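A quick write-up on the structure given underneath.
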Number of protein chains: 2
Amino acid sequence: MSVTVKDVARHAEVSASTVSRVINDDPRISEKTKRRVMESIKILRYKINNIARSLKTNRTHSIGFICPELPNAFFMGIAGSIEEELGKHGYSIIICGSNENVVKEEERINLLREKCVDGIIVIPASDEGKHFNQLKESGMPLVLVDRLVNNIVADAVLVDNVNGSYSAIEYLIGKGIKRIGFIGGDMRLTSAKERYEGYIRALNDYCVPIEEQIIKFGDFHVESGYKAMASLMALRESPHNIFISNYFMHVGAVKYLIENAGALSHEVSISNFDDMELSSILGFSGVRIRQPVGEIGINAARLILQIINKGVGDSPQIVRLKTFLIT
Amino acid sequence: MSVTVKDVARHAEVSASTVSRVINDDPRISEKTKRRVMESIKILRYKINNIARSLKTNRTHSIGFICPELPNAFFMGIAGSIEEELGKHGYSIIICGSNENVVKEEERINLLREKCVDGIIVIPASDEGKHFNQLKESGMPLVLVDRLVNNIVADAVLVDNVNGSYSAIEYLIGKGIKRIGFIGGDMRLTSAKERYEGYIRALNDYCVPIEEQIIKFGDFHVESGYKAMASLMALRESPHNIFISNYFMHVGAVKYLIENAGALSHEVSISNFDDMELSSILGFSGVRIRQPVGEIGINAARLILQIINKGVGDSPQIVRLKTFLIT
DNA sequence: GTGAAAGCGCTAACAG
DNA sequence: CTGTTAGCGCTTTCAC
C-alpha cells in the first residue's frame with residue numbers, strides 16, 4: 001500500500017531506526033547518511049504515518065474544539081484564530097458542534113477522547129457540565145471559552161462582560177439617556193448573566209430606576225431578538241433606547257424594526273454587545289461593545305498548549321479579555 | 001497510563017480478542033461473555049484507543065476539510081452541514097484554512113495526508129492545483145466544493161451559477177429593467193466566472209447591449225464590494241440597478257451606499273447572489289439568488305463517504321445544485 | 001553514529 | 001464461540 005520507514009531504510013541501505021532519527025532531526029546522525037536518507041525519502045515519496053507515530057508517542061497533535069453551532073460568525077471567528085495559532089505549532093483542530101445540547105456535547109467529548117486528541121477547547125452549551133469534571137479527572141487538558149460552567153474549576157478564556165455592558169450604559173447615561181430597554185440572552189449562560197449584571201449595575205450606580213417591563217430575554221439567536229424587540233415595541237410606553245446583548249439578537253431586532261418601520265410610534269436607537277462585520281451597517285446605531293474575537297482564540301490556543309506542555313497549574317488560569325466601547 | 005483491552009481481558013477473564021470482538025459488535029459472541037466484558041469495560045472505565053485501531057484498520061474516520069478562510073459564513077455554513085452529515089456516520093472533520101493561498105493549501109493537504117484522514121473535501125483557493133492531481137494519484141478520496149480547478153478531474157459539488165445569475169437578470173429584464181450594473185468576483189474562481197457568464201448570456205439573449213464601464217470586478221470580499229460600488233457611483237451615468245455576485249461584496253456595496261447616502265444622485269436597487277442570514281435586511285433590495293448551503297455540505301459529505309466505501313467511480317461525479325430566485 | 005529488538009493498543013487470520 | 005499469534009508503522013532503549 002504505502003511506503004514505510006522500512007522501505008526507505010532498505011532503499012537507503014540503513015536501518016529503520018536511522019530513518020526515524022532523520023525524520024525526527026536527531027542531532028547525532030551524520031550529515032552523509034542524513035542526506036542519503038532524505039534522498040530516498042524524496043525518491044520513494046515517503047510520507048510519515050502519524051497514526052503509527054502517535055501510537056508510540058501518545059501525542060496526536062490534534063486539539064478538539066467543541067462549540068454550540070458551527071455556522072455562527074462569532075464562534076467561527078474564534079475557531080479561525082485558534083486554528084491559525086495552533087497551526088503555527090504543528091497542531092490541527094477537530095471541530096465538533098454540540099447543537100447547544102449538553103448530551104451531544106458529552107458525546108462529542110467522548111468521541112474526541114477516543115480520537116486521542118491532546119486537549120479540548122470548548123464553548124460550553126450551558127452552565128451544566130459534570131462531564132467536564134470527568135474529563136479533567138481523566139487528565140485531558142481542557143480550556144473553556146466564552147462561558148463558564150457551574151462547579152467546574154478549569155482554565156478559561158473569557159471576556160469582561162460586566163464592564164462591557166456597564167461602559168455602554170454608562171456612556172448612554174452620560175449622554176442624558178436614562179430610560180434604556182434591555183434585551184438579554186439565556187440566563188443560564190454566564191456571558192448573558194454578566195452582561196445583564198453590567199446593565200443593572202450601571203443603572204444602580206447612576207441611580208436610574210430599573211423598569212422590569214422594558215427588560216426582555218431571548219436566547220442569543222436572531223429570532224429571539226426579533227420577538228424581544230416586538231414585545232418592547234408593543235409596550236404602551238416603549239423605550240426609545242435599547243441595549244441588546246449580542247450580535248444575533250441585534251440582527252433580529254433590526255429586522256423587526258425594518259419590517260415594521262411604518263407602525264413605529266417613534267424613532268429607536270440601538271446599542272449592543274458585539275462588533276461583527278455587519279454591526280456597523282445595521283442602522284439604528286447607538287454605541288456598541290467590541291469583543292476581541294481574534295484574541296480570544298489566540299489565548300485559548302496558547303493556554304491549551306501551555307497545559308499540554310507544562311501540565312495543569314495548581315490554580316486554574318482565567319484569562320479575562322477587555323472589551324472596547326465603540327461610539 | 002490508560003486502560004487497554006488487555007486490562008479489560010484480564011478483569012473479565014477472557015482474551016484480548018474477545019474484548020475486541022465485543023467492542024466491534026461481532027455477532028458470534030455469547031450474550032453471557034458479552035455482558036461480562038461490558039461490565040468490566042464499565043468498571044475499568046475503558047475507552048477505546050482509536051489511534052491503535054486506525055493503525056490496524058487503516059481507517060481514521062476523519063475527513064479533512066480545507067477552505068480559503070474559516071470566519072466566513074458561507075464556508076462555515078457548508079462546514080456545518082458536512083460536520084453534521086459526517087457525524088451521523090461516525091466521521092469527524094479536521095478543519096484547515098488555506099488563507100486563499102495555494103502554497104498553504106498544499107501544505108494543509110500534506111498535513112492531512114500525514115494525519116491519515118480517510119478523505120479530503122476542499123474549497124479550492126484558486127483555479128490552479130497540480131497538488132490535487134498528486135493527491136488523487138496517491139489514492140486519497142477527494143471532493144471539490146463550490147469551485148473547480150483547471151485540468152483536474154475530480155468529484156465535485158457545485159451550484160448552478162450560470163443559471164443562477166441568468167435567472168436574476170432575466171427577471172429584472174422582465175420588469176423592464178435593462179441597464180444593469182455588475183460587480184463580479186475574481187475571475188480565476190470558476191464560481192465568479194460562471195456568474196459573470198450568466199449575466200452576459202442573459203443580456204445577450206434579451207438583446208441588451210453590454211456596457212463595459214458598468215461592469216466591475218472585486219474579489220468576493222467586503223472591501224472590494226465597497227470599492228466597486230464606489231467606482232460605479234462615480235460614473236457620469238451610474239446605473240440604477242446593480243447585480244452583485246456574492247454576499248460579502250453585497251455587504252460592502254451596501255456599506256458604501258449607506259455611508260454616502262447624501263451624495264448619491266439617484267436611488268439604487270441591488271440584486272445579488274447569495275441569501276445569507278442578513279441579506280434580506282441589507283436594504284436596497286431587488287431580487288437575490290439563494291444557494292442551498294446546507295445541501296452543498298450534505299452532498300459533499302455523502303459523496304466523500306461514497307468514494308471511501310465504494311472507491312472512485314470511473315467517471316467523476318459532478319453534482320450541480322440548483323439555486324433559487326427570491327423575489 | 002548506527003543497528004537490533006521490543007512494544008505502543010488494537011484487530012484479524014487461523015485454530016480449535 | 002473463544003484463544004493464540006502475528007503484525008499495523010513507528011520510536012526508543014540498549015548495545016556496539
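Order of the sequence lines fixes the chain letters, A, B, ..., with proteins taken first and strands second; residue numbering starts at 1 for each chain. The structure presented is a predicted model; accordingly, all values stated were derived computationally and were not measured.
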Problem - Relative orientation of the end axes in the helix from C/dG1-D/dC16 to C/dG16-D/dC1, expressed as an angle to the nearest 10° (five pairs per end) - result: 30°

Problem - Salt-bridge contact B/Arg147-B/Asp186 (side-chain N to carboxylate O under 4.0 Å) - result: no

Completion exercise
Smallest heavy-atom separation, B/Ser20 atom then B/Asn24 atom, equals O-ND2, 2.7 Å

Problem - Between D/dG9 (C1') and B/Arg113 (CZ): distance, integer Å - result: 16 Å

Handout entry: Interatomic distance, B/Ile23 CD1 vs C/dA12 P [rounded to whole Å]
Key = 12 Å

Completion exercise
Whole-Å distance, B/Asn50 CG to C/dT11 C1', equals 13 Å

Problem - Separation of D/dT11 P from A/Asp26 CG (nearest whole Å) - result: 11 Å

Problem - Proximal nucleotide (of C/dG1, C/dC10, D/dG3) relative to the B/Thr18 side chain - result: D/dG3

Problem - Test salt bridge (charged side-chain N to carboxylate O under 4.0 Å, His left out) applied to A/Arg302 and A/Glu295, A/Glu85, A/Glu84, the passing residue - result: A/Glu85

Problem - Closest to the B/Arg21 side chain, choosing from D/dC10, D/dT2, C/dG9 - result: D/dT2

Exercise for the section: Determine, for A/Lys130 against A/Glu106, whether the closest basic-nitrogen to carboxylate-oxygen distance falls under 4.0 angstrom. Expected result: no

Exercise for the section: Name the closest nucleotide to the A/Arg28 side chain, picking from D/dC10, C/dC10, C/dG1. Expected result: C/dG1

Fill in the blank from the handout: Note: for A/Ser30 and B/Asn49 on DNA chain C, the residue whose nearest nucleotide lies more 5' is A/Ser30

Problem - Rounded interatomic separation in angstrom, taking NZ from A/Lys6 and C1' from D/dT11 - result: 13 Å

Practice task
Select one nucleotide: of C/dT11, C/dT2, D/dG3, the one nearest the side-chain heavy atoms of B/Thr57.
Solution key: C/dT11

Exercise for the section: Find the distance B/Ile48:CD1 to C/dG9:P and express it as a whole number of Å. Expected result: 13 Å

Exercise for the section: Between C/dA4, D/dT11, D/dT2, spot the one nearest the side chain of A/Asn24, thanks. Expected result: D/dT11

Completion exercise
From the candidates D/dT12, D/dG9, D/dT11, the one with an atom nearest any side-chain atom of A/Ser17 is D/dT12

Practice task
Could you tell me which non-hydrogen atom of B/Ala125 sits nearest to which non-hydrogen atom of B/Pro68, and how far apart they are?
Solution key: CA-CG, 4.5 Å

Exercise for the section: By nearest nucleotide on DNA chain D, pick out whichever of B/Thr33 and B/Lys56 is the more 5' one. Expected result: B/Thr33

Problem - Rounded distance in Å - CD1 (B/Ile29) to C1' (C/dA12) - result: 13 Å

Exercise for the section: Tell me which of B/Leu55 and B/Glu31 sits closer to the 5' end of DNA chain D, going by the nucleotide each one is nearest to. Expected result: B/Glu31

Completion exercise
When every non-hydrogen atom of B/Asn151 is compared with those of B/Asn133, the smallest separation belongs to O-ND2, 3.6 Å

Practice task
Round to the nearest Å and state the distance from B/Ile51 atom CD1 to C/dC10 atom P.
Solution key: 11 Å

Exercise for the section: Under 4.0 Å between any heavy atoms, over every strand shown, what does B/Val14 touch: base, sugar-phosphate, or nothing? Just pick one. Expected result: sugar-phosphate

Fill in the blank from the handout: Between A/Pro141 and A/Ile307 the two heavy atoms that sit nearest each other are CB-CG2, 3.7 Å

Exercise for the section: Ignoring backbone atoms, test whether B/Thr4 places a side-chain nitrogen or oxygen under 4.0 Å from the OP1 or OP2 oxygen of C/dG9. Expected result: no

Problem - Presence of salt bridge, A/Arg188 and A/Asp219, under 4.0 angstrom - result: no

